[in-house]
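One structure is given here, and the rest of the page talks about it.
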Amino acid sequence: MSEWQHSTANRKVFIKTFGCQMNVYDSDRMAEALAPLGYAQSESIDDADLVILNTCHIREKAAEKVYSELGRVREARERRREAGEGDTLIAVAGCVAQAEGQEIIRRAPAVDIVVGAQSYHRLPELLGRAGRGEKVVETEFPEEDKFAELPKRAATRRPSAFLTVQEGCDKFCTFCVVPYTRGAEFSRPVEEVLAEARRLADFGVRELTVLGQNVNAYHGEGPDGKDWSLARLMHALAEIPGIERLRYTTSHPLDMTDDLYAAHRDLPQMMPYLHLPFQAGSDHILAKMNRRHTADEYRRAIDKLRGARPDIALSTDIIVGFPGETDADFEATMQLVREIGFASAFSFKYSSRPGTPAAEMDEQVPEDVKLDRLHTLQALLAEQQRAFNDSMVGRTLPVLFEASGRNAGQLTGRSPYLQPVHVEAPAEAVGQIVDVEITQAGANSLKGVIKPL
Ligand code: 5AD
Ligand code: SF4
């Protein structure tokens with residue numbers, strides 16, 4: 001360890017996370033990697049010696065947010081300097097770092113470190129270099145496995161945790177930057193995943209959400225030397241004492257295998273809720289997106305899921321205004337949503353991403369048409385979500401309490417369907433799964449009371 005690293009005792013790091021759950025997981029791992037250097041986590045940029053923006057590149061809006069946030073970080077740094085409170089190192093991590101590299105420092109010269117998502121285990125070394133005044137850009141895909149290099153310690157005390165088991169994507173949907181920013185698909189070995197899951201369970205984690213950009217394509221090496229599927233991994237995770245709930249995200253319809261449907265049927269720990277993006281309802285657009293499935297194949301996947309687990313609720317991702325999308329194509333998307341019925345959904349206007357095939361396609365859809373379609377779609381999705389939430393009133397749901405609520409004496413937890421549930425409950429109930437009678441439904445959350453024993 002260098003002298004500079006020794007002198008960092010009692011420093012503070014502020015990590016701001018943008019984008020998906022994978023980044024949330026990575027931010028925790030960065031915090032873990034920094035703890036041995038004396039960095040404690042801070043809730044504010046104003047007292048941070050190190051600010052890390054863990055960024056998202058999926059749509060233009062997400063990527064641009066980084067630059068406005070960097071403006072605020074630079075001002076905070078100047079205030080600290082003027083007040084004689086010390087200096088602030090500024091790091092940009094995640095997918096914008098990976099995609100833009102050096103360009104970030106050109107646009108925002110205040111940035112000291114640019115580090116791609118595959119290199120977080122190198123943070124201590126990169127900080128040492130930046131501390132000596134060097135501008136550091138680290139966006140290679142290193143040989144070594146970043147998971148193996150990271151500290152073997154759980155950062156979380158929350159009863160619900162993410163566990164990344166698979167990263168990267170080989171699907172190359174024509175709109176998507178992920179295969180470029182996160183690289184080729186990689187599955188962590190089974191033993192490594194199980195060891196991390198056991199540690200999390202020891203720390204009081206009751207619910208695991210297994211993460212991957214294309215998580216149901218998981219094929220990690222098992223202890224038997226064979227590749228294990230996600231279903232097989234789920235069976236092994238379900239056996240860990242303390243792990244009472246399992247989820248996985250995000251999935252591709254093409255990788256919904258028979259053993260995974262069977263796991264939904266056979267494992268009570270698997271929550272009856274699945275996020276399964278379909279992106280578009282028109283086969284013509286699905287082909288241009290290189291999704292490699294049709295709308296009917298998606299319908300069949302949903303039928304099989306419902307056959308395996310009749311109470312399953314669904315969530316999805318949808319893009320409107322992909323190049324060439326006609327009114328009829330958009331209507332096919334609306335029709336699919338009406339047929340299936342979603343408990344929740346994310347919907348986006350197509351955003352042209354440099355370097356992706358769709359960015360080069362003719363027939364880009366005008367912004368106002370995209371916006372109209374988005375509003376139409378979102379009205380339908382909001383109606384479905386509201387109806388789903390309303391259907392919970394009067395039912396008793398097992399709720400995993402996660403944290404104290406907004407009001408004193410209140411806790412917030414999650415239903416099996418991932419709805420936030422607000423309940424009057426004693427603080428000791430955090431980390432427990434308790435039967436709650438749902439009394440009220442809102443657009444985004446539920447209220448309930450604990451059932452008397
Ligand atoms: N434009 C709009 N939405 C996109 N997504 C991915 N790339 C784009 C893009 N270029 C959406 C997809 C994906 C979700 C994570 O983000 O719906 O499933
Ligand atoms: Fe992107 Fe498609 Fe891979 Fe999902 S499956 S990460 S949308 S390329």
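One-based numbering along the sequence shown. Ligands are counted one by one from 1 in listed order, and the atoms in each one are counted from 1 as well.
- Between Glu207 and Arg414 there is no salt bridge, since no side-chain nitrogen of the basic residue lies less than 4.0 Å from a carboxylate oxygen of the acidic one.
- Taking a 6.0 Å sphere around NZ of Lys171, one finds it holds more than 12 heavy atoms contributed by other residues, nucleotides or ligands.
- Every protein residue with a heavy atom nearer than 4.0 Å to ligand 1 is included here: Ile58, Arg59, Phe175, Gln279, Asp317, Ile319, Phe348, Lys349, Tyr350, Ser351, Arg353.
- Residue-environment remark: CZ (Phe172) exceeds the threshold of 12 foreign heavy atoms within 6.0 Å.
- Both cation-pi conditions hold for Arg107 and Tyr67: the charged atom is under 6.0 angstrom from the six-membered ring centre and inside a 45 degree cone around its axis.
- The local environment of CD in Glu140 is sparse, with at most 12 non-hydrogen atoms from other residues, nucleotides or ligands closer than 6.0 Å.
- Closer than 4.0 angstrom to ligand 2 lie heavy atoms from Cys169, Lys171, Phe172, Cys173, Phe175, Cys176, Val178, Pro179, His252, Arg291.
- A salt bridge links Asp224 to Arg232: at least one charged side-chain nitrogen sits closer than 4.0 Å to a carboxylate oxygen.
- Comment: Glu196 engages Arg188 in a salt bridge, judged by a side-chain N to carboxylate O separation of less than 4.0 angstrom.
- Counting heavy-atom neighbours within 6.0 Å of Glu103 CD, excluding the residue itself, gives a total above 12.
- For Asp296 and Thr294, the side-chain atoms include no donor-acceptor pair closer than 3.5 Å.
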